[in-house]
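Atoms within each ligand, like the ligands themselves, are counted from 1 in listed order. Sequence positions, counted from 1, serve as the residue numbers for this chain.
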Amino acid sequence: MEIVFASRHESNPREWVAALQQALPEHQVRLWDACQPRGQADAAVVWAPPADLFAHEPQLKHLFNLGAGVDALLQIPDLPADITLVRMEDGGMAVQMAEYVLHYLIRESRDLGQYADLQAQARWQPLEDIDRDAWTVGVMGGGVMGARIAQVCAALDYPVAVWSRSGRPVAGAQSYGQDELADFLARTRVLVNALPLTADTQGILSRAVFDQLRPDAYLINIARGDHLVESDLLACLDSGRLRGAALDVFSCEPLPPGHRFWSDRRIRVTPHIAGASLMSLTVQQIAGKVRAVVRGEPITGIVDRMRQY
Ligand code: GLV
């Protein structure tokens, strides 16, 4: 197989090519070169691929995405209909996302932000004990990421609810199906978004949803910025409907200087790092799938274009 690595995002594309080549010595891996397209690649490994990749590589049959979310790929106007899209499945991302969620969950439920402020004033002042039952974590999305987040929170005895299309059971959590959003929201204090971005989920983090959460709710968005209606978040923070938010993803990335989120004390901003694709695990997963494809075996992680993930 000839494999082309074409990402406009990674700062170290040569290292990725070297790692892929080392993992797949029986195949040829090369870096996409816009000035010298070769037109013979069978597969591409991509994240935000260059617009002309498909015109210059007409033989591509598989597109391995370096991330779990394929929303941006599906927006590419020239994306050929017959290419099989393959998303990353976990690859070390789920545990990072679980850590990220736990960090903010614990910071809020144990008042650690307030204790930091008290230290700044040299004040020794114990706050109220935690009432764990009042801190139900509601995870939107029951895929690999959502399930891992749910399990990790449940392991610390937080009540956990998971809302997903299928309503599939997740160990340690109460599952809610597509039509049970209202019941799910009514229980939730810390709302965690781990949904794929699709036409159905765009803008789902809106006032209509925030208004149904338990009082004093907190939002953690680690999926996509376009899930969130930013003005609704700000309005709900101002009205006291929400106590705060941890945001890792934004409609416009990098978040522009001067954006209100940067300076709002109720909002924690991180630069899309909640779940990074770690090179060694990612390469291992893609190499395994390439070999399976060559052997004619089925692989997992194939994107259903109708479902949009
Ligand atoms: C990251 O954003 C991913 O989609 O994996």
Side-chain angles (χ1 to χ4, degrees), residues 5-13 16 19-20 44-50 62-76 79 83-101 103-104 139-150 152 164-165 192-205 219-228 230 245-255 261 268-289 299-305 307-309:
F5 181 88
S7 165
R8 287 184 291 123
H9 179 76
E10 309 307 326
S11 56
N12 49 354
W16 279 92
L20 281 161
V45 175
V46 302
W47 181 258
H62 286 84
L63 208 56
F64 293 95
N65 193 38
L66 286 172
V70 291
D71 44 290
L73 272 189
L74 294 174
Q75 297 300 318
I76 297 174
L79 186 70
I83 292 190
T84 303
L85 307 181
V86 188
R87 62 168 177 276
M88 272 306 290
E89 298 171 284
D90 192 345
M93 278 184 275
V95 66
Q96 296 173 64
M97 289 189 159
E99 282 170 344
Y100 186 96
V101 169
H103 172 89
Y104 289 106
V139 183
M140 299 177 109
V144 185
M145 315 291 172
R148 184 72 183 255
I149 293 164
V152 164
S164 68
R165 211 166 125 117
V192 178
N193 178 34
L195 287 169
L197 181 66
T198 67
D200 288 341
T201 64
Q202 177 151 11
I204 192 168
L205 301 177
L219 170 69
I220 302 179
N221 189 16
I222 50 174
R224 286 290 183 265
D226 284 345
H227 283 123
L228 175 66
E230 294 189 353
L247 307 177
D248 184 54
V249 287
F250 304 89
S251 287
C252 179
E253 294 183 5
L255 187 64
F261 289 169
R268 305 277 101 198
V269 169
T270 50
H272 203 144
I273 48 70
S277 309
L278 304 177
M279 190 185 291
S280 66
L281 293 171
T282 304
V283 164
Q284 209 178 312
Q285 184 173 123
I286 293 175
K289 289 185 180 180
I299 55 171
T300 57
I302 292 181
V303 175
D304 177 337
R305 293 204 196 189
R307 235 175 38 170
Q308 301 167 50
Y309 62 91

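- Residue contact check for ligand 1: Met93 places a non-hydrogen atom closer than 4.0 Å to it.
- Residue contacts with ligand 1, taken as heavy atom pairs separated by less than 4.0 Å, involve Trp47 solely via side-chain atoms from C-beta onward.
- The aromatic rings of Phe261 and Phe250 lie tilted to each other, with the angle between the two planes from 30° to 60°.
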**Prompt:** So Met88 and Asn65, side chain to side chain contact (heavy atoms under 4.5 Å, CB included) or not? Walk me through it.
**Reply:** CA-CA 6 Å; Met88 272 306 290; Asn65 193 38; over 6 Å; no
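- Between atom CG of residue Asp71 and atom CD of residue Gln308 there is a gap of 9.5 Å, rounded to the nearest 0.5 Å.
- When only non-hydrogen protein atoms are considered, atom 5 (O) of ligand 1 lies nearest to Ala68 N, 2.7 Å.
- Among the atoms of Ala223, none of the N or O lies under 3.5 angstrom from an N or O of ligand 1.
- Among the candidates Val144, Val95, Val192, the single residue satisfying the side chain to side chain contact (heavy atoms under 4.5 Å, CB included) test with Ile149 is Val192.
- The two residues Ile220 and Val101 come nearest to each other via the heavy atoms CD1-O, 3.9 Å.
- Residue contacts with ligand 1, taken as heavy atom pairs separated by less than 4.0 Å, involve Arg224 solely via side-chain atoms from C-beta onward.
- Looking only at heavy atoms of the protein, atom 1 (C) of ligand 1 is closest to His272 NE2, 3.6 Å.
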